[in-house]
Amino acid sequence: MTKFLCTADLHIGRKCSGFEEESPLKTFDGLVDVAIADGADAMLIAGDLFEDTSAQYATRGGVKRILERMKKENIPVLAVSGNHDWEALAIFNKLNPGLIDVFSSEHWETKTVAGIQIVGRSFSRERSGSLMNDYPGFGPQLTIGLVHADIDVQNSPYNPTPVASLTGRGVSAWLVGHIHVPKHWPEARVSYPGSLQALDPAEQGVHGFRWLEISGNHVQFSGVVPLSTVRYETVELTIRPGDLIDDLVKQWAGSNRSSREQFHLRVRLKHMNRALLSVSQNLVDCDSDRYEIIDCYEGMDENIDLVAEATATDARGQAARLLLGLDGIGDDAWIENARQMVATVESEMQSARSQIGVLDGEAFRILTEVPDAEARNAVRSALEGVMATPLGGSR
């Protein structure tokens, strides 16, 4: 079996928000440890190894040392440049020949490693439209594709490419960079590994790398293997009389830590005590983790019987039916009403975020994405707020 270690969007030179001591360069070194220990046949990098040209100069020595470790172990490194490092990677490669094999940005190229054909093309600022507009095809042998592009995003300046255009081209799997949140299209075998190291609170969830395993004609991406030393999450915690917030944070982190990662938690705190509405919202250190309270609201009494409340015809009754609907309980119509409410809130949140002006188009994409859980939690909080307030009306 052939094993390729797949990564992208390392952005070496950028700092991790809230964790100045952590860096993508440090995690890249850890990735090489994995490649050597687990017998990778090659490493594939789908763009944005460096943050930018200035970062390349500042981190060049460290990257060179890491890649020299790979060369010493006879593990080839193949890469395409991305929209951040299209110039930086070319400079590094020219000054350090033989450490990393970079695909051309001017035309499609093929390279062979471990008997497998790799086809790729680096990002170019001069090229717009789908990457596949001029894809020539490269024979019948098993082929892996390597690119940096926006998949299924219309009107993007970063080579917008429909996932459907990647199928039927004689390529068994595509490794793609650009989006920092891991994503996978299993039927098309198209995969974003996401950023190796989580870099800011917009990059939530587990971050790491993927394996691409090839056995005969069978090709399969693994799930994301955790490696990031930092993890950002937005969570909802319920605090009851006698609870300490630090203890709740430690318990959540201990139950959800997937590797050596340190957490930066944005906490929505649900409580039954109005006095807690004045809780501090400053960033707090909690052992190796950190948290900040971004919202503090009064939740409904946990002893409320939602099924009984749902028989009422007032606002509390409607809120109870929708809360049950969020959990797939009750009348089909109310389950659908709850689903539509979540969809509406998600759409409004995306619309609001799209008004946020940021300079970097890539970060802009990340800011506008709203996880379903975030919209669902917002709806649940609003409904529980109704249940927490006694209302008049027909019962």
Side-chain angles (χ1 to χ4, degrees), residues 3-12 14 24 27-28 31-32 34-35 40-51 63 67 70 75-86 88-90 92-93 100-105 108-111 113 116-124 127 130-132 135 143-153 156 158-161 163 166 169 171-185 188-197 199 203 207-214 219 221-225 227-228 362 365-366:
K3 296 169 57 178
F4 293 155
L5 193 155
C6 301
T7 187
D9 298 286
L10 287 82
H11 289 272
I12 291 174
R14 189 189 293 188
T27 308
F28 188 34
L31 185 67
V32 171
V34 173
D41 292 290
M43 178 186 291
L44 306 182
I45 303 175
D48 286 349
L49 172 64
F50 292 102
E51 167 67 4
V63 174
L67 291 175
M70 294 287 282
I75 303 175
V77 179
L78 286 74
V80 293
S81 63
N83 58 296
H84 275 257
D85 70 349
W86 60 277
L89 190 56
F92 178 87
N93 200 35
I100 184 168
D101 198 351
V102 181
F103 286 82
S104 171
S105 63
W108 290 91
E109 282 189 312
T110 62
K111 303 177 187 294
V113 59
I116 305 296
Q117 178 172 260
I118 312 293
V119 59
R121 187 170 182 179
S122 284
F123 179 87
S124 170
R127 187 176 63 247
S130 172
L131 280 169
M132 305 309 292
Y135 181 74
T143 301
I144 305 300
L146 184 62
V147 293
H148 191 89
D150 247 337
I151 304 299
D152 274 355
V153 178
S156 166
Y158 305 108
N159 301 138
T161 301
V163 70
L166 298 172
R169 299 300 187 103
V171 177
S172 297
W174 290 91
L175 176 65
V176 189
H178 184 57
I179 300 303
H180 292 194
V181 178
K183 192 170 183 178
H184 185 58
W185 290 265
R189 294 196 186 94
V190 175
S191 194
Y192 282 116
S195 52
L196 177 68
Q197 173 83 358
L199 298 168
E203 299 185 15
H207 284 256
F209 64 93
R210 295 186 192 270
W211 286 107
L212 179 60
E213 299 180 340
I214 304 168
V219 177
F221 282 108
S222 73
V224 176
V225 181
L227 195 66
S228 176
E362 186 172 25
R365 275 292 315 284
I366 297 168

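Sequential numbering from 1 along the given sequence is applied to the chain's residues. In what follows, every heavy atom counts, from backbone to side chain, and hydrogens, waters and symmetry copies are set aside.
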Non-hydrogen atoms of Ala149 and Val176 that approach each other most closely: O-CG1, 3.7 Å

Ring geometry between Phe50 and Phe92 (parallel below 30°, tilted from 30 to 60°, perpendicular above 60°): tilted

Heavy-atom side-chain contact between Leu89 and Ile100 under 4.5 Å: yes

From Phe221 atom CZ to Leu175 atom CG, the distance as rounded to the nearest 0.5 Å: 5.0 Å

Closest non-hydrogen atom pair, Ala8 against Gly177: CB-CA, 3.9 Å

Any donor-acceptor pair under 3.5 Å from His207 side chain to Gln197 backbone: no

Flag side-chain contact, heavy atom, 4.5 Å: Leu49 against Ile12: yes

Interatomic distance, Leu196 atom CG to His180 atom NE2 [nearest 0.5 angstrom]: 11.0 Å

Parallel, tilted or perpendicular, as decided by the 30° and 60° cut-offs, for the rings of Tyr135 and Trp174: perpendicular

Check: Ser105 side chain, Ser122 main-chain N or O, donor-acceptor pair, under 3.5 Å: no

Pairwise side-chain contact, Phe103 with Val119, heavy-atom cut-off 4.5 Å (strictly under): no

Asp85 side chain vs Gly82 backbone, donor-acceptor pair below 3.5 Å: yes

Positive for side chain to side chain contact (heavy atoms under 4.5 Å, CB included) with Ser130, one of Ile151, Thr161, Asn159: Thr161

Euclidean distance, Ile45 CD1 relative to Leu67 CG, rounded to 0.5 Å: 6.5 Å

Aromatic plane relationship, Tyr158 with His178 - under 30° parallel, 30 to 60° tilted, over 60° perpendicular: tilted

Side chain proximity check, Ile214 to Ile144, heavy atoms < 4.5 angstrom: yes

Main-chain N/O of Val219 paired to Arg189 side chain as donor or acceptor, under 3.5 Å: yes

Gap between atom CZ of Phe4 and atom CG of Leu78 - 0.5 Å precision: 8.0 Å

Side-chain touch Leu166/Val171, heavy atoms, less than 4.5 angstrom: no

Validation row: Val224, Tyr192 side chains within 4.5 angstrom (heavy atoms): no

Backbone N/O of Val190 and side chain of His184: donor-acceptor pair under 3.5 Å: yes

Donor-acceptor contact present, side-chain Glu109 to main-chain Ser104, <3.5 Å: yes

Verdict with supporting geometry, Phe209 and Leu44, side chain to side chain contact (heavy atoms under 4.5 Å, CB included): CA-CA 10 Å; Phe209 64 93; Leu44 306 182; over 6 Å; no

Heavy-atom closest contact (Ser222 atom, Arg210 atom, distance): O-NH1, 3.0 Å

From Lys111 atom NZ to Ile118 atom CD1, the distance as rounded to the nearest 0.5 Å: 10.5 Å

Heavy-atom pair of closest approach, residues His148 and Leu131: O-CD1, 4.2 Å

Gap between atom OG1 of Thr110 and atom CG of Leu146 - 0.5 Å precision: 12.5 Å

Residue pair His84, Asp9: steps toward the side chain to side chain contact (heavy atoms under 4.5 Å, CB included) verdict: CA-CA 9 Å; His84 275 257; Asp9 298 286; over 6 Å; no

Side-chain touch Glu51/Pro24, heavy atoms, less than 4.5 angstrom: no

